[in-house]
Each structure stands twice: as structure tokens, then as C-alpha cells.
Amino acid sequence: MKRPKGPELKMPDLKVPTFAADVYWDLRERRLLPLVALVVVAILATPFLLGEESEQAASPPSGASTAPGGVMADGSKLTVVQAKPGLRDYHKRLSDRDPDDPFIPHYTAPVTDDAELNPETGSPETTVPIESGGDEDASPGGSPPGDTPSYSPGEKPKLTLFAFAIKVSITKAGGKTKAGKRSSAKKERTVRDRVLPHTSLPGKKAPVVTYMGPSGNGKKAVMLVSTKVESVFGDIRCLTNEDICQLIEVEPGFPVTFVYGANEVRYTINVIKIEPVITGRY
């Protein structure tokens, strides 16, 4: 078959851009061409799928045709209500509450005309016996004479004062003589009961320590150590951060030995117990 005569047509030379060729060969080497093709198909098919769903949502369900006037084919009616977003009227929200006048007092103070503070329910306070005494200048119970107020049996006290007292054992031993030798004197042991805070131990003539009161939890005794104490031996806790500790905590049942004065007399103080005691009624 002969070709018809005419001008000879030449196809244009189409060249793929170098960037597109590089991307193609990279995807082919990494075997990602099927994944790219799948993404392109999904992008092209998305508008058609979304359009079909919107048409299905807009069309009424089968067998539920509507008639003019909002009446369904089965006889039911459709009611269109206008939306009114926002809060409800506060009169409706608070209709179950009664308004109160803020200027009228609703609460009154309790009546305390016949009330008593620490009423007397038991027998009067009994005196606790004191074991062997200490220095001659120390008063019984560790408190100055006449410091505890008294009251008549028929009088009802209105206020009762308490303090944390300690029962303590003090043992004196050792010391040096004038010649500088150790003393061979026997140990002297005394027990003092109801020692109130701010009391010097063993006494004013030899104030080795001063009982200051209980610790924060009430389980240990706080002692102020004299500046004449040369050294301390025992289980104690220092409450100050100074090189020379003068305020310590002593736990009951753990004896502490203090070397006191130039003669190096040893006083072993053992707190037996800590208990609250009545110091007065007013």
C-alpha cells in the first residue's frame, strides 16, 4: 500500500526533566512506585466518594416520603423548632430557691453563761511522794516554795495550768582533790520527781544542766548545758549548729554523763520519764 504524497511530519523531541527522571528511578529502586500509584488513585477517587455520601444523607429514607405541610406518608408530623442557644432565664434556674436577706443575721453565738472551763470531776489533786532529796537549796518537785497556788475545797476552779515535768536520777562521782589526784569518794545517787522546766540540775550550787522543757513531740527532754561543762558522754542530739553545743535533747532511759568544773566532777543524769503535771488552778 502506497503512502499518500504530502509533507513529511516530524514528531517533536520530548525530553523528560532530569528532576522527574531522578525521582522515578529513585522510587523504582526503592520499590515505592505501587504505593505512589495507590495514593494518586485515592486522591482522585475521594471527591467522587464524598459526593455519593452527601447525596445519600440528603435523600429521605425509603418508605418515608413526606407530603406538603410536613406530614409524613405514615401520618406522623414533623415539627421544626427554632434553635435558641444560650443560658436559661435565671428565674427558671433558681425557681426552687428562696431569696435571703443578706443583712439579717442567720446564726447566733453559742450561749456560754453556765459553761465552765475544766470542771472538777474527780477527787482533789494528791501529792506525789518524793524519793531521796538532792541539794539543800533544791525545793521538792523542782519548783520554788510557794509557787504552786492553792484553792479551797469548796471553790470550783475555772482554769487549770499544766506543765511537763520529769523524773530524773542524778549520780555524782569522781572529781579531783587539791593534790590533783582522783577522789575515792563513793558515788552519790539521788532521784528527783516532778522537776519543772527552768530548773537547774542537780541544784543551784552546781548547775550542770537546766531542764528547759519537752521537745516538739513531747518524748524527749531539752537540756541547757552549763559553760563549765568540760565534756559530755552519752546518746544526745545537739539542737544548735555551733562548735560548742549547749542545747541538747535527752531521751528517757539513756544516761548522759557530764564532766563539770575544774575538779572534773562527773554527774550522770538519767531522765526516767516525762509527764504532764498540774501547776496551778485559777
Side-chain angles (χ1 to χ4, degrees), residues 117-118 120 122 124-151 157-172 188-261 265-282:
L117 206 60
N118 295 330
E120 186 74 18
E125 178 188 0
T126 58
T127 304
V128 179
I130 303 174
E131 300 182 15
S132 55
D135 295 352
E136 58 184 1
D137 58 347
S139 61
S143 58
D147 188 43
T148 303
S150 60
Y151 65 97
K158 297 182 179 180
L159 181 63
T160 303
L161 303 181
F162 294 88
F164 282 88
I166 61 173
K167 183 178 182 180
V168 62
S169 170
I170 304 172
T171 303
K172 178 182 178 182
E188 300 177 4
R189 181 177 181 272
T190 58
V191 177
R192 296 180 58 180
D193 197 6
R194 294 172 59 90
V195 178
L196 298 178
H198 306 103
T199 302
S200 299
L201 297 174
K204 293 182 180 179
K205 291 183 178 180
V208 180
V209 294
T210 302
Y211 170 59
M212 303 301 296
S215 60
N217 56 8
K219 297 181 179 180
K220 297 182 180 180
V222 179
M223 301 285 186
L224 179 64
V225 183
S226 173
T227 55
K228 294 183 180 181
V229 173
E230 300 295 335
S231 56
V232 182
F233 303 94
D235 188 5
I236 61 173
R237 177 174 176 267
C238 183
L239 298 179
T240 58
N241 296 326
E242 302 176 358
D243 296 337
I244 301 176
C245 185
Q246 287 190 274
L247 197 63
I248 62 175
E249 276 185 350
V250 179
E251 187 174 355
F254 290 86
V256 182
T257 301
F258 300 89
V259 180
Y260 178 77
V265 182
R266 294 174 177 265
Y267 292 92
T268 301
I269 298 178
N270 182 17
V271 178
I272 300 175
K273 64 178 179 179
I274 305 174
E275 59 181 353
V277 296
I278 298 175
T279 58
R281 292 186 175 93
Y282 297 94

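Remark: Val265 engages Lys172, Asn263, Tyr267 in a side-chain contact (heavy atoms from CB on, under 4.5 Å) (not counting sequence neighbours). The side-chain hydrogen bond (donor to acceptor under 3.5 Å, both in side chains) search around Thr171 returns none, not counting sequence neighbours. Under the side-chain contact (heavy atoms from CB on, under 4.5 Å) criterion, Pro255 pairs with Thr268, Asn270, sequence neighbours left out. Under the side-chain contact (heavy atoms from CB on, under 4.5 Å) criterion, Phe233 pairs with Ser231, Thr257, Val259, Arg266, sequence neighbours left out. With sequence neighbours excluded, no residue satisfies side-chain hydrogen bond (donor to acceptor under 3.5 Å, both in side chains) with Thr210. Evaluation of the side-chain hydrogen bond (donor to acceptor under 3.5 Å, both in side chains) rule for Ser215 yields Asn217 as partners, not counting sequence neighbours.
Looking at Arg192, its side chain never comes within 3.5 Å of a backbone N or O of Ile170 through a donor-acceptor pair. Although no hydrogens or angles enter the test, the distance criterion places no donor-acceptor pair under 3.5 Å between the side chain of Gln246 and the main chain of Leu224.
Here the shortest heavy-atom pairing between Ser226 and Pro207 reads CB-O, 3.2 Å. When all heavy atoms of Gly261 and Glu230 are compared, the pair lying nearest together is O-CG, 3.9 Å. Nearest heavy atom pair, residue Gly218 against residue Pro214, reads CA-CB, 4.0 Å. The heavy-atom pair separating Ala206 from Pro202 by the smallest distance is O-CD, 3.0 Å.
Just one of Val277, Leu196, Val195, Ile274 meets the side chain to side chain contact (heavy atoms under 4.5 Å, CB included) condition when paired with Phe164; it is Ile274.
To the nearest 0.5 Å, atom CD1 of residue Ile269 and atom OG of residue Ser169 are 9.5 Å apart. Remark: Phe258 CZ to Ile248 CD1 distance equals 4.0 Å, nearest 0.5 Å. Rounding to the nearest 0.5 Å places CD1 of Ile166 at 10.5 Å from CD of Glu275.
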Yes or no on side chain to side chain contact (heavy atoms under 4.5 Å, CB included) for Thr240 and Cys245, after CA distance, side-chain angles and deciding distance? CA-CA 6 Å; Thr240 58; Cys245 185; 3.8 Å; yes
Passes side chain to side chain contact (heavy atoms under 4.5 Å, CB included), Thr279 versus Phe162? Steps please. CA-CA 5 Å; Thr279 58; Phe162 294 88; 5.8 Å; no
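Taking the side chain as every heavy atom from C-beta outward, His198 and Met212 approach each other to under 4.5 Å. Side-chain contact between Met223 and Val256 is absent, with no heavy-atom pair separated by less than 4.5 Å.
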